[in-house]
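Here is the structure we will look at, set down as structure tokens.
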Amino acid sequence: MGTQWYKDRVFYQIWPRSFADGNGDGIGDLYGVYEKLDYLKSLGIGGIWFSPLYQSPQTDYGYDISDYRAIAPEYGDLDIFKKVVDKAHALDIKIVMDLVVNHTSDEHEWFVKSRDKNSPYRDYYFWRKGKRPGCPPNNWDSFFENEAWGYDETTDEYYLHLFNRKQVDLNMDNPAVRQEVKDILKFWLDMGVDGFREDVITMISKPEGLPDDHLVPFFKGIRMYSSGPHIHEYLQEFRTEVLDNYDCFVIGEAPLVSIKQAKEYMGGDHPDLDMMFNFQHMNADCMFTEYMPRPFNLRKLKRAFTKWQKKLDWNALYLENHDHPRIISRYGSETYHDESGKMLAACYLLLKGTPFVYQGQEIGMTNIALPSIDDYKDCMAIKNYNNDIKKKPVEEVLPKIQKATRDNARTPVQWSKDAYGGFSTTQPWFAVNENYTTINVASQEQDPDSLLNFYRKLIAFRTKSPVVRYGSYRELCPHNKHLYVYEREYEGEGLLVVCSFTDKPCTYHLPKKVREGNIKVLFSNYNCDDLEPTLTTKPYEVRVYQY
Ligand code: TEU
Ligand code: CA
């Protein structure tokens, strides 16, 4: 117990389908990953989180698993996976797998067998009679469909699916299901992986009787199964019986979890989870999800950052992943692409915690707007479109989807200005953003001032900096609507991070102790190293002072 190496590393998330195509069929794969490991090493990366690589019908791009012990054939096989793990380890890069056990694909053999009422697999899932003919067992909503129940004619029963109808919820109350989970964990740990990112793990314990939710008009059900009755018990069981026997760590995806709950998951000397992905800072321009947009509100972002920084000793840090639109297009500015990209990088990479960088974030990939709903792949976008189009004209519906869809983060990585962004030698499975000719890895490699090299320098700095690793956190001028300013201090050393979230000039007076200290500019996105006591910011300027 007590493994802490995850605190000294910056992680990189790979969403395999769009990372790099190594065998020329237009789909990203492990051969491509193998070739890019040296690149990740050069970026200073110390760990990779793989979004699901497992065999899957890909209805939700791997978050619908049909075999937990097989690699999807389009991504490779266990041999190449093993080679990737070995080479990564030789480069001192840890490997984290996605553990998706809230649900399986409906094509998983457990579910196929469970369709038979007499099968021992029946109780692996939530099969229930309808309330009355034609009416599902309860009124819960699904994230990706309208209702959370699928109907099976043969047995005249319904099965629970909180996500897509092809993502069937597992009954974690069944000890046999928990044993399966433990066996899966063991299988991959024995293969050499170093940890797990646990998909919607806070939702795996459903309340007994699956009662109706009469409190809220939408997202009905969540409050009942989010941190449900046995959640801590089950996570402790996984920890004690399996994880404790390995030098590994677990990070839970935790939508809608409060600080108080987070402490219950991560507190004590035998925590359920080592870190969590919380969502609050992803809501500075929306309510709950990107499909309920609001104007960007920096104070909301700052409140979220500061609350989580102050109330927890440690946690995961991120601005992008495969579920959210690109951050420059949201909190930054496509006009001030490089400037805002660098500002956003510094703004979170110098916080306390373990940072995750999502593929393409390091070169500032941006959102894409495709001409028709038929061009999109994200099942959540398609559901929202189909609902909205019944009530509103396409001119209103499509732009909302274009802005909110998870597909924004899922376009192929732009490696060079060659055809298809250098992602593949053939037409990729999904649209490449047209801006690949200007935003790509190869050209940023050549430019010492590029966003990519800014990430490199920041990552190198934070990996060896005791202030970033151990320092205190304090926010300054919390009410300022355009500037996010914080300091980190440790053993007489300090960092002051000043970030502007606007293209308008703002003035900021450096605090006295900074002005009077032995001060220097460590990072600047305008190559400014002046030490004027009063700063008038340029668009999306960031300055990091050491004092
Ligand atoms: O995401 C869970 C989750 O909270 C999302 O459904 C979220 O509501 C949505 O993406 C809007 O931001 C995890 C995975 O990260 C996601 O890719 C999967 O689709 C989902 O679980 C189901 O496995
Ligand atoms: Ca391929």
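Numbering of residues begins at 1 and proceeds along the displayed sequence. Atoms considered below: every heavy atom in the structure, side chains included; atoms not considered: hydrogens, waters and symmetry mates. Atoms within each ligand, like the ligands themselves, are counted from 1 in listed order.
- Looking only at heavy atoms of the protein, atom 3 (C) of ligand 1 is closest to Glu253 OE2, 3.8 Å.
- Atoms of ligand 1 found under 4.0 Å from any heavy atom of His103, numbered from 1 in the order shown, are 22 (C), 23 (O).
- Counting the atoms of ligand 1 from 1 in the order shown, those under 4.0 Å from a heavy atom of Arg406 are 10 (O), 16 (C), 17 (O), 18 (C), 19 (O).
- Taking CD from Glu35 and CG from Asp21, the interatomic distance works out to 9.5 Å, rounded to the nearest 0.5 Å.
- Shown here are the ring pair (Phe, Tyr, Trp, His ring centres under 6.0 Å) partners of Tyr31, two or more places apart in sequence or in another chain: there are none.
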| said: As a quick check of understanding, evaluate ring pair (Phe, Tyr, Trp, His ring centres under 6.0 Å) for Phe277 and Phe356, giving each step before the final call. | reply: CA-CA 10 Å; Phe277 286 122; Phe356 284 72; 4.9 Å; yes
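- Taking the six-membered ring for Trp and the full ring otherwise, Trp110 and Tyr68 have centroids separated by under 6.0 Å.
- Listed by chain and number, the protein atoms of type N/O/S under 3.0 Å from the Ca ion (ligand 2) are Asp21 OD1, Asn23 OD1, Asp25 OD1, Ile27 O, Asp29 OD2; waters are omitted.
- Neither the backbone nor the side chain of Tyr61 comes within contact range of ligand 1; no heavy atom lies under 4.0 Å.
- Taking a 4.0 Å cut-off on heavy atoms, Met203 fails to register as neighbouring ligand 1.
- For Trp49 and Tyr358, the gap between ring centers reaches or exceeds 6.0 Å.
- Scanning all protein heavy atoms for the shortest distance to atom 18 (C) of ligand 1 gives Asp60 OD2, 3.2 Å.
- Here the heavy atom of the protein found nearest to atom 4 (O) of ligand 1 is Pro255 CG, 3.4 Å.
- Of all protein heavy atoms, the one closest to atom 21 (O) of ligand 1 is Asp199 OD1, 2.9 Å.
- At the top of the distance list for atom 11 (C) of ligand 1, counting protein heavy atoms only, stands Met380 CE, 3.7 Å.
- The contact set between ligand 1 and Phe144, taken as ligand atoms under 4.0 Å from a residue heavy atom, comprises 6 (O), 19 (O).
- Using bins of under 30°, 30° to 60° and over 60° for the plane-to-plane angle, the ring pair His281/Tyr318 lands in the perpendicular bin.
- Protein heavy atom closest to atom 6 (O) of ligand 1, with residue, atom name and distance, is Phe163 CE2, 3.4 Å.
- Using cut-offs of 30° and 60° for the angle between ring planes, the Phe249 and Tyr6 rings count as parallel.
- Taking the six-membered ring for Trp and thresholds of 30 and 60 degrees, Trp140 and Tyr225 have ring planes inclined between 30 and 60 degrees apart.
- Neither the backbone nor the side chain of Met282 has any atom closer than 4.0 Å to an atom of ligand 1 (non-hydrogen atoms only).
- Interface atoms of ligand 1 facing His322, defined by a heavy-atom separation under 4.0 Å, are 14 (C), 15 (O), 16 (C), 17 (O).
- In this structure, atom 15 (O) of ligand 1 lies nearest to the protein heavy atom Asp323 OD2, 2.5 Å.
- We find that Lys166 and Asp64 are not joined by a salt bridge, their nearest charged nitrogen and carboxylate oxygen being 4.0 Å or further apart.
- Aromatic pair Trp429/Phe423: centroids not less than 6.0 angstrom apart.
- Ring orientation note: the planes of Phe143 and Phe163 are close to parallel, at an angle under 30° on the 30°/60° scale.
- Protein heavy atoms are found inside the 4.0 Å sphere centred on atom 13 (C) of ligand 1.
- With respect to Glu290 and Arg406, no salt bridge is recorded, no charged nitrogen being found less than 4.0 Å from a carboxylate O.
- Here the protein heavy atom with the shortest distance to atom 8 (O) of ligand 1 is Phe143 CD2, 4.2 Å.
- A salt bridge links Arg326 to Glu320: at least one charged side-chain nitrogen sits closer than 4.0 Å to a carboxylate oxygen.
- A salt bridge does not link Glu396 to Lys400: none of the charged nitrogens lies less than 4.0 Å from a carboxylate oxygen.
- When heavy-atom distances to ligand 1 are checked against a 4.0 Å cut-off, Val200 comes that close only through its side chain, counted from C-beta outward.
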